[in-house]
Amino acid sequence: MHNAAFAAAGLDWHYSAFDTRDPLAAVAALRTLGFAGTNVTIPHKQAVVAACDEADGESVNTLVFSGGRVRGYNTDREILAGIEASSACLIGAGGAALALMPALPAHTRTFSRRGEWPPRAEGCDLIVNATPVTDVALVSPRPGQTVVDLAYRADGAETALVAAARAAGCEVVDGLEALVRQGARSFELWTGRAPRLEIMRDAVGAGP
């Protein structure tokens, strides 16, 4: 996705994925090697804040290396941009859920297996699945609700929640579209340019 966007922008940049067990050591190495920035995914979104000179909250997914400093940003909140809701059901309590909290309405109920369970979405305008569950719809969406599912299948097939939401006639932001929305903001932070969203969507197989 990012490499396609870099190419479309005429930038000689490259995006690579690395596995790490020590996010703080990984950030130090990336700085030494001269990287412009990085994305951070679960389970490191909270732990990596300790490597930042400035951080946009308690959970970040994008780091920018500039002027000898590390700045951490939460671009996950871009996933909910433009969605109007007065109440929400948030499923999950990890780094992804924490990152979305600033963009959720004041009346939001959070459900997790370590807390209140099972989730209930009755009376909510917005349902957000911030867990990696793809094969089971943890709630039953109803007409008029908006459903955001951060999970996605590697083969591009619908998750059980997305399928149920579309069958109910809900407005849906699936996991691939969510990936594009947060990724586009990361691209802007690294490059200072807005990416071509259609290029990013085509690269991951997301719909418009």
Side-chain angles (χ1 to χ4, degrees), residues 1-81 92-103 112 114 129-134 149-156 175-197 199-206:
M1 175 179 74
H2 281 296
N3 286 329
F6 292 148
L11 294 171
D12 186 19
W13 289 35
H14 185 76
Y15 188 100
S16 298
F18 300 96
D19 291 325
T20 182
R21 295 184 179 180
D22 187 341
L24 303 187
V27 169
L30 293 174
R31 293 179 68 179
T32 299
L33 292 170
F35 278 68
T38 187
N39 280 136
V40 183
T41 191
I42 53 175
H44 302 309
K45 292 184 178 186
Q46 293 165 272
V48 80
V49 170
C52 298
D53 297 297
E54 302 173 31
D56 184 18
E58 299 176 26
S59 176
V60 298
N61 70 320
T62 300
L63 303 184
V64 176
F65 307 137
S66 178
R69 297 177 65 81
V70 179
R71 294 175 175 85
Y73 297 89
N74 171 9
T75 71
D76 284 330
R77 67 183 64 183
E78 296 298 320
I79 296 167
L80 301 180
L98 184 62
L100 291 178
M101 286 299 292
S112 73
R114 298 191 302 273
N129 175 39
T131 77
V133 175
T134 61
D149 191 356
L150 302 189
Y152 58 89
R153 299 180 188 271
D155 62 3
L176 292 177
E177 175 62 18
L179 183 68
V180 169
R181 291 186 180 192
Q182 61 81 23
R185 178 58 180 150
S186 296
F187 183 100
E188 289 184 35
L189 289 168
W190 296 325
T191 69
R193 305 185 191 183
R196 292 173 56 187
L197 292 179
I199 295 293
M200 299 181 81
R201 289 189 177 113
D202 286 348
V204 300

Just by modelled atom types, is the [Y] backbone N or O under 3.5 Å from a matching donor or acceptor in the [X] side chain?
X: Arg193; Y: Ala9; answer: yes
X: Asp56; Y: Gly72; answer: no
X: Arg77; Y: Ala99; answer: no

[X] and [Y]: which non-hydrogen atoms are nearest, and at how many Å?
X: Arg181; Y: Ile79; answer: NH1-O, 2.9 Å
X: Ala103; Y: Leu80; answer: CB-CD1, 3.9 Å
X: Gly205; Y: Leu176; answer: O-CD1, 4.0 Å
X: Val49; Y: Gly57; answer: CG2-O, 4.0 Å
X: Asp53; Y: Gly68; answer: OD2-O, 4.2 Å
X: Gly183; Y: His2; answer: O-CE1, 3.1 Å

Nearest-0.5 Å distance, [atom1] of residue [X] to [atom2] of residue [Y]:
X: Leu179; Y: Met1; atom1: CG; atom2: CE; value: 4.0 Å
X: Met101; Y: Glu58; atom1: CE; atom2: CD; value: 10.5 Å
X: Leu150; Y: Asp76; atom1: CG; atom2: CG; value: 7.0 Å
X: Phe187; Y: Leu197; atom1: CZ; atom2: CG; value: 10.0 Å
X: Gln182; Y: Asn74; atom1: CD; atom2: CG; value: 9.5 Å

Query - Atom OH of Tyr152: over 12 foreign heavy atoms under 6.0 Å - result: no

Requested in this report: Answer yes or no: does atom CG of Asp155 have more than 12 heavy-atom neighbours from other residues, nucleotides or ligands under 6.0 Å?
Outcome: yes

Could you pull out every donor-acceptor pair under 3.5 Å between side chains of residues 33-42 and any protein atom, sequence neighbours left out?
from: Asn39; atom 1: OD1; to: Tyr15; atom 2: OH; distance (Å): 2.7
from: Asn39; atom 1: ND2; to: Asn61; atom 2: O; distance (Å): 3.1
from: Asn39; atom 1: ND2; to: Thr62; atom 2: OG1; distance (Å): 3.1
from: Asn39; atom 1: ND2; to: Ser186; atom 2: OG; distance (Å): 3.2

Tell me, please, which residues at least two apart from [X] pass side chain to side chain contact (heavy atoms under 4.5 Å, CB included).
X: Asp202; result: none
X: Thr131; result: Ile91, Asn129, Val133, Leu138
X: Ala26; result: Thr20
X: Val64; result: Ser66, Tyr73, Leu189, Trp190

**Report entry** Set of residues satisfying salt bridge (Lys or Arg N to Asp or Glu O under 4.0 Å) with respect to Arg196, sequence neighbours excluded
**Finding:** Glu198

Report task. Test side chain to side chain contact (heavy atoms under 4.5 Å, CB included) on Arg201 and Glu177 and set out the steps. Result -> CA-CA 7 Å; Arg201 289 189 177 113; Glu177 175 62 18; 2.8 Å; yes

Query raised in the report: Are any of the side-chain nitrogens in Arg71 or Glu54 under 4.0 Å away from the carboxylate oxygens of its partner?
Result: yes

